[in-house]
Amino acid sequence: MWMIPGQNQSWVSEFILLGLSSDPTTNKILFTVFLLIYLSSVMGNGLIIMLVCMDTQLHTPMYFFLCILAMLDVCYVTTTMPQMLVHLLSHSQTISFAGCWLQMYVFSALGISECTFFVVMAYDRYVAICYPLRYTVILNWGLCRRLASGSCVCGFLSALLHTFFTMSLPYCGPNKVNHYFCDSPSVRSLACMDTHFIEMVDLVLSVFLIVFPICLIMASYVCIAMAILKIKSKQGRCKAFSTCASHLTVVTFFYVPASYMYMKPNSSYSPETDKQITLFYNVFTALFNPVVYSLRNKDIKRAFLKVMGHGRVD
């Protein structure tokens, strides 16, 4: 037991995750729904990873980045969903202090990695449209690997600082987290001290890790829009825009709820609303991403039909 200096109290050794509902019947329904969502997310993203790896015609920077995004999505949703599914059917909804720390860290690391990686994907689209003849020269495989690994390193190092500040706070009770996983704002609200300074540090980190990437993505798309407007043929403009529409859709799905979650004032903290919003950018984006990227993508459709033995699609 760790003791809080000057007090006859000890830190909690475990947390209780209250989850989405306390009603057993509702939990059974939620279990079925989220199990299907989780399996669909893993299979959808797994299919993209498999197709990109198996089809040599998809061995381009664009699909390499799409494959990395699919891997991040699978890991991201797996950080929270399996435990949530177990808790929906279990009487015990506890998680150890160390387990909570680890879950918060991995969740934050993967989330920040995705934030950074969306900038990389925006840069990919910028080079493809603004410098099409030099695309593979500029985005060579060495640079692609460095950009992908750099995004992950940035995410895992930044999350270490973010998680350290939250989990180093004294927690002497209560230990009930009103969430389905160890999310930083929900856990921090249980601390036995004033968390104003930690919240300010967290806000500064959020501005740097969310607002700065958004600005870079917007700058990329301003340049892209200017390049598209210079294309003379209407068909060419539509084709160029369609290559960016999927990325913009996914970025919007991810950044809008994430910005609300981590940049809102603490006074507007609402556990129930926060759980719903977190579900959207943690669970549903992992489900939507394969659909958004493959629905109108002829290369993905062609690769899928080729693997299924239906030959090539025009």
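Computed from a predicted structure; not experimentally measured. Sequential numbering from 1 along the given sequence is applied to the chain's residues.
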Please report the closest heavy-atom contact between Ile112 and Ala159, naming both atoms and the distance.
CD1-N, 3.9 Å
Is there side-chain contact between Ile300 and Leu51, with heavy atoms separated by less than 4.5 Å?
yes
N/O donor-acceptor pair under 3.5 Å between Ser108 side chain and Tyr105 backbone:
no
Donor-acceptor pair between Asp55 and Tyr63 side chains, under 3.5 angstrom
no
Taking less than 2.5 Å as the test, are the sulfur gamma atoms of Cys172 and Cys192 close enough?
yes
Yes or no on side-chain contact (heavy atoms from CB on, under 4.5 Å) for Ile198 and Met193, after CA distance, side-chain angles and deciding distance?
CA-CA 11 Å; Ile198 305 298; Met193 64 172 283; 5.8 Å; no
Where does the angle between the aromatic ring planes of Tyr281 and Phe254 fall among parallel (under 30°), tilted (30 to 60°) and perpendicular (over 60°)?
perpendicular
By side chain to side chain contact (heavy atoms under 4.5 Å, CB included), Thr273 pairs with (sequence neighbours left out) Tyr260, Ser270, Ile277
Once side-chain hydrogen bond (donor to acceptor under 3.5 Å, both in side chains) is applied, do any residues pair with Thr32, and if so which ones, sequence neighbours excluded?
none
Which atom of Cys130 lies closest to which atom of Cys223, heavy atoms considered:
SG-O, 3.8 Å
Could you grab the distance from atom CG of Asn45 to atom CG of Leu72, nearest 0.5 Å is fine?
10.0 Å
Let me see the working for Phe118 and Val250 under side-chain contact (heavy atoms from CB on, under 4.5 Å), right down to the final yes or no.
CA-CA 9 Å; Phe118 282 132; Val250 170; 3.5 Å; yes
Assess, by modelled atom type and distance only, whether the side chains of His162 and Asp202 contain a donor and an acceptor separated by less than 3.5 Å.
yes
Shared ILVMFWY cluster between Val283 and Leu36, side chains joined below 4.5 angstrom?
no
Contacts of Tyr126 meeting side-chain hydrogen bond (donor to acceptor under 3.5 Å, both in side chains) (sequence neighbours excluded), chain-then-number -> none
Could you give all pairs that pass the side chain to side chain donor-acceptor pair (under 3.5 Å) test and reach residues 137-152, with sequence neighbours left out?
none
List, by chain and number, the other hydrophobic cluster members for Met226, where Ile, Leu, Val, Met, Phe, Trp and Tyr join if side-chain heavy atoms come within less than 4.5 Å, directly or indirectly.
Val222
Give the cluster check for Leu39 versus Met71: same hydrophobic cluster or not, with ILVMFWY residues linked at side-chain heavy-atom distances below 4.5 Å.
yes
Do Phe34 and Leu279 have side chains that approach each other closer than 4.5 Å (heavy atoms only, starting at C-beta)?
yes
Identify the heavy atoms of Cys144 and Leu139 that sit nearest to each other, and give their distance.
SG-O, 3.7 Å
If we only count heavy atoms from C-beta on, is the Val86 to Phe31 side-chain gap below 4.5 Å?
no
To the nearest 0.5 Å, how far apart are CD1 in Ile210 and OG1 in Thr116?
10.5 Å
Could you grab the distance from atom CG of Leu18 to atom OG of Ser186, nearest 0.5 Å is fine?
9.5 Å
Are the side chains of Phe181 and Thr278 in contact, using a 4.5 Å heavy-atom criterion?
yes
Residue set satisfying side chain to side chain contact (heavy atoms under 4.5 Å, CB included) with Phe164, at least two apart, ordered chain then number -> Ser168
Heavy-atom side-chain proximity of Leu110 to Phe156 below 4.5 angstrom
yes
List the residues meeting side chain to side chain contact (heavy atoms under 4.5 Å, CB included) with Ser21, not counting sequence neighbours, and say none if there are none.
Asp23, Thr26, Asn27, Leu30
Listed by chain and number, what are the side chain to side chain contact (heavy atoms under 4.5 Å, CB included) partners of Met167, not counting sequence neighbours?
Phe15, Phe97, Cys100, Trp101, Met104, Thr163, Val187
Pairwise distance OG1(Thr94) to CD(Glu14) - rounded to 0.5 angstrom
4.5 Å
If you define the side chain from C-beta out and look only at heavy atoms, does anything of Ser40 sit under 4.5 Å from Ile37?
no
Only pairs at least two apart or in different chains count here, so list each side chain to side chain donor-acceptor pair (under 3.5 Å) that has a residue in residues 206-224.
Tyr221-His247
Would you check if Phe65 and Leu69 make a side-chain contact, meaning some heavy-atom pair closer than 4.5 Å?
no
Does any N or O in the side chain of Lys275 come within less than 3.5 Å of the main-chain N or O of Gly19, such that one atom is a donor and the other an acceptor?
yes
Would you say Val211 and Met200 are hydrophobically clustered, going by side-chain heavy atoms of ILVMFWY under 4.5 Å?
no
Applying side-chain hydrogen bond (donor to acceptor under 3.5 Å, both in side chains) to Ser41 and not counting sequence neighbours gives none
What pair of heavy atoms forms the shortest contact from Phe253 to Phe280, and how long is it?
O-CE2, 3.6 Å
Testing the basics here: between Tyr255 and Cys115, what is the closest heavy-atom pair and its distance to 0.1 Å?
OH-O, 2.5 Å
To the nearest 0.5 Å, how far apart are CE in Met62 and SG in Cys67?
13.0 Å
I'd like to check Asp183 versus Arg188 (side-chain heavy atoms, cut-off strictly below 4.5 Å). Are they in contact?
no
Would Gln57 and Lys306 count as a side-chain contact (heavy atoms from CB on, under 4.5 Å) here? Give the steps.
CA-CA 11 Å; Gln57 292 187 43; Lys306 184 178 178 181; 4.3 Å; yes
Could you tell me which non-hydrogen atom of His87 sits nearest to which non-hydrogen atom of Gln93, and how far apart they are?
O-NE2, 3.4 Å
Please tell me whether Val291 and Val74 are part of a single hydrophobic cluster in this structure, the criterion being side-chain heavy atoms less than 4.5 Å apart.
no
Apply the test side-chain contact (heavy atoms from CB on, under 4.5 Å) to residues Leu88 and Tyr180: give CA-CA distance (whole Å), side-chain angles for both, the deciding distance (0.1 Å), then the verdict.
CA-CA 9 Å; Leu88 284 171; Tyr180 65 91; over 6 Å; no
Would you say Val251 ends up clustered with Val256 if hydrophobic residues are merged whenever their side chains have heavy atoms under 4.5 Å apart, either directly or through other cluster members?
no
Is His179 reaching over with its side chain to a backbone N or O of Leu17, donor-acceptor style, under 3.5 angstrom?
no
Share the residues that join Val137 in a hydrophobic cluster, the rule being Ile, Leu, Val, Met, Phe, Trp or Tyr side chains under 4.5 Å apart at the heavy-atom level.
none
Side chain to side chain donor-acceptor pair (under 3.5 Å) pairs touching residues 64-85, sequence neighbours excluded, are Tyr38-Thr78, Asp73-Asn289, Thr80-Asn282, Gln83-Gln103
Straight-line distance of Thr60 OG1 to Asp299 CG, nearest 0.5 Å:
7.5 Å
